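Everything on this sheet refers to the single structure shown next.
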4 protein chains.
Amino acid sequence: MLTIQITTGSDVPIFRQIVEQIRAAIAGGKLRTGAPLPSVRGLANELVINHNTVAKAYSQLTRDGVIESQQGRGYFVVQRREIFTKAERVRRVNALVAPLVSEAVLLGFSEPELVSLVQKQFAKVMSDPQGKTS
Amino acid sequence: MLTIQITTGSDVPIFRQIVEQIRAAIAGGKLRTGAPLPSVRGLANELVINHNTVAKAYSQLTRDGVIESQQGRGYFVVQRREIFTKAERVRRVNALVAPLVSEAVLLGFSEPELVSLVQKQFAKVMSDPQGKTS
Amino acid sequence: MLTIQITTGSDVPIFRQIVEQIRAAIAGGKLRTGAPLPSVRGLANELVINHNTVAKAYSQLTRDGVIESQQGRGYFVVQRREIFTKAERVRRVNALVAPLVSEAVLLGFSEPELVSLVQKQFAKVMSDPQGKTS
Amino acid sequence: MLTIQITTGSDVPIFRQIVEQIRAAIAGGKLRTGAPLPSVRGLANELVINHNTVAKAYSQLTRDGVIESQQGRGYFVVQRREIFTKAERVRRVNALVAPLVSEAVLLGFSEPELVSLVQKQFAKVMSDPQGKTS
DNA sequence: GTGGTCTAGACCACC
DNA sequence: GTGGTCTAGACCACG
């Protein structure tokens with residue numbers, strides 16, 4: 001059973017939170033190839049959000065080749081492919097690392113403090129990909 | 001000499017690109033306490049954007065307490081001081097750590113790999129005050 | 001029901017008048033945690049001003065952590081939390097205390113007279129949550 | 001000897017700081033009727049600011065009837081008159097008290113804490129109108 | 001419907 | 001010269 005948790009009022013849009021959590025669930029092995037996703041309207045009901053928002057998330061995942069729709073049956077996880085080269089993957093992560101480090105330095109964090117926060121978050125994500133305890 | 005580079009048509013707004021580059025310059029010591037920033041309209045001219053966009057970036061940096069305006073003289077880098085509570089500082093950094101870790105996991109990075117990238121960036125920022133190698 | 005009143009042509013900018021009235025409404029309990037604010041464009045229409053001016057006011061309140069925007073839904077009053085260090089909070093209040101005392105001295109007020117005015121205003125704000133008598 | 005101290009980078013313009021400090025000096029009895037003010041260029045030199053700024057301050061004080069210029073001799077303090085009614089004076093002070101109390105409440109200050117800050121500032125102004133120790 | 005960003009251009013205050 | 005404010009109007013993203 002897949003549990004999605006959204007935070008309203010964040011700067012990251014709801015549809016993207018759904019996208020990210022489903023990708024993380026797949027990456028973490030919680031959703032395997034061929035597994036079914038919650039129905040659009042079912043998930044929308046559960047999260048108390050507009051069903052267009054869920055549809056948008058699924059549509060984006062479909063476009064990215066992560067899931068696929070089977071007419072009348074629902075959405076299912078597709079065989080995942082590695083699309084990015086190592087350099088590209090590093091580039092993408094570093095795009096987030098740079099502003100993080102700037103902000104941390106300006107806020108007075110030391111390197112070990114920052115690393116500790118990263119490790120803590122990493123542990124949290126790996127042990128609880130659906131965010132049940134967050 | 002401070003050079004700002006922006007890419008229009010990116011998903012990250014221009015004013016935020018400016019904010020982040022200036023924050024990075026200050027965090028990295030390229031802009032020291034008391035140093036003047038490019039004038040609002042001067043920078044706008046240089047980047048071929050509207051001056052309000054630069055003003056918005058500067059205004060945001062001012063609210064965050066990293067620069068200040070001196071009427072009729074310009075903007076200057078401010079002495080760093082502890083503005084936020086520890087909890088708030090952690091909250092702000094974690095707001096950047098969370099999406100970073102999600103992305104890293106999604107891209108298949110291990111925790112040590114990610115930590116290493118963070119440490120590398122941290123070292124780069126701290127050890128290259130003049131920005132000669134960047 | 002929240003009513004904002006502005007006076008154009010004053011020396012205090014419109015966006016700041018809005019900021020102060022909303023801060024007062026929240027401090028006085030007229031706007032409680034979770035309560036929605038008037039929409040940016042709606043309020044702009046009502047006050048017959050540009051929507052950017054309202055947006056600027058709301059943006060400032062957001063940076064100060066008293067309200068938050070929920071994309072596509074509107075602005076809402078935020079749970080109060082300790083954002084600033086004690087020193088910063090004192091600094092911010094003193095920035096308002098100093099000109100007040102200068103003005104009061106200039107106008108010939110004694111210290112007890114001024115303190116009494118402050119206490120009266122404090123009592124008014126705290127004891128009139130619905131704003132019925134204001 | 002009159003000592004003026006200015007804070008650059010504040011939100012209150014320099015010329016207004018000069019105006020306020022001279023008014024306070026007169027209100028506090030440090031400058032009596034007929035006393036000479038520092039010369040425009042002398043004060044500008046001392047404060048390392050543009051002499052137009054000092055001229056603007058003196059011009060405003062002259063317009064308000066607080067000082068007067070005697071051609072070729074300099075500026076002198078004029079007999080001070082009470083211009084405002086009691087109600088008007090209270091209104092003027094309360095215009096500053098209201099936003100102060102809102103801000104203080106939102107920052108979590110209690111009434112005694114705020115009163116204490118006001119008293120402290122009051123004592124400071126009365127004992128040291130020229131700000132020598134600030 | 002909501003907010004977010006950006007432009008072009010105006011007018012003002014300060015130094 | 002500097003920054004600060006405001007307008008009118010456009011285009012986009014989100015729900």
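Excluded from the calculations below are hydrogen atoms, water molecules and symmetry mates; all remaining heavy atoms, backbone and side chain alike, are included. Not measured: the values here are computed from a predicted model.
A distance-only check finds a donor-acceptor pair linking the side chain of Gln17(C) to the backbone of Thr7(C) [under 3.5 Å]. Without hydrogens or angle criteria, Asn50(D) side chain to Asn52(D) main chain gives a donor-acceptor distance under 3.5 Å. Although no hydrogens or angles enter the test, the distance criterion places no donor-acceptor pair under 3.5 Å between the side chain of Arg23(B) and the main chain of Ser102(A). A donor-acceptor pair under 3.5 Å is formed between the side chain of Gln21(B) and the backbone N or O of Gln5(B).
Atom CG in Leu43(C) sits about 14 Å away from atom C1' in dT2(E), given to the nearest Å. Regarding Gln17(D), its CD atom lies at a distance of 15 Å from the C1' atom of dA13(E), rounded to whole Å. Spacing between atom CD of Glu68(C) and atom P of dT2(E) amounts to 18 Å, rounded to whole angstrom units. In this structure, Asp11(B) places its CG atom 12 Å from P of dT5(E), rounding to the nearest Å. The nearest whole Å value for the distance from the CD atom in Gln60(D) to the C1' atom in dC15(E) is 15 Å. Regarding Leu47(C), its CG atom lies at a distance of 12 Å from the P atom of dC6(F), rounded to whole Å. Counting to the nearest Å, the C1' atom of dC15(E) and the CD1 atom of Ile18(D) are 11 Å from each other. As rounded to whole Å, 15 Å separates atom P of dC14(F) from atom OH of Tyr75(C).
For Val40(C), whose side chain is taken as the heavy atoms from C-beta onward, the closest listed nucleotide among dG3(E), dG3(F), dT5(F) is dG3(E). Each of dT2(E), dT5(E), dT2(F) was ranked by its minimum atom distance to the side chain of His51(C); first place goes to dT5(E). Comparing dT5(F), dT2(E), dC14(E) against the side chain of Arg16(C) picks out dT5(F) as the nearest.
Ion pairing between a basic and an acidic side chain is recognised when a charged N comes within 4.0 Å of a carboxylate O; Arg92(A) and Glu88(A) show such pairing.
Ile49(D) comes within 4.0 angstrom of nothing in the nucleic acid, heavy atoms only. Within the 4.0 angstrom heavy-atom criterion, no nucleotide atom of any strand lies near Tyr58(C). Here Phe15(A) lies in heavy-atom contact (under 4.0 Å) with sugar-phosphate atoms only.
At the phosphate of dC14(E), OP1 or OP2 sits under 4.0 Å from a side-chain N or O atom of Lys56(D). Contact check, Ser69(B) against dG4(F): a side-chain N or O comes under 4.0 Å of OP1 or OP2.
Donor-acceptor pairing under 3.5 Å is recorded for the side chains of Arg63(B) and Ser59(B).
Taking the nucleotide of DNA chain E with the nearest heavy atom to each of Arg73(C) and Ile14(B), the more 5' of the two is matched to Arg73(C). Both Pro38(C) and Thr53(D) lie near DNA chain E, and the one whose nearest nucleotide falls closer to the 5' end is Pro38(C). Taking the nucleotide of DNA chain F with the nearest heavy atom to each of Asn50(A) and Gly74(B), the more 5' of the two is matched to Gly74(B). Judged by closest nucleotide on DNA chain F, Arg41(C) is the one of Asn52(A) and Arg41(C) placed further toward the 5' end.
Considering all non-hydrogen atoms of both residues, Val40(D) and Tyr75(D) come closest at CG2-CE1, 4.1 Å.
Using the six-membered ring where Trp is involved, Phe84(B) and Phe84(C) have ring planes that are parallel, under 30° apart on the 30 and 60° scheme.
Summary for the helix from dG1(E)-dC14(F) to dC14(E)-dG1(F): the axes at its two ends, each from 5 pairs, differ by 20° when rounded to the nearest 10 degrees.
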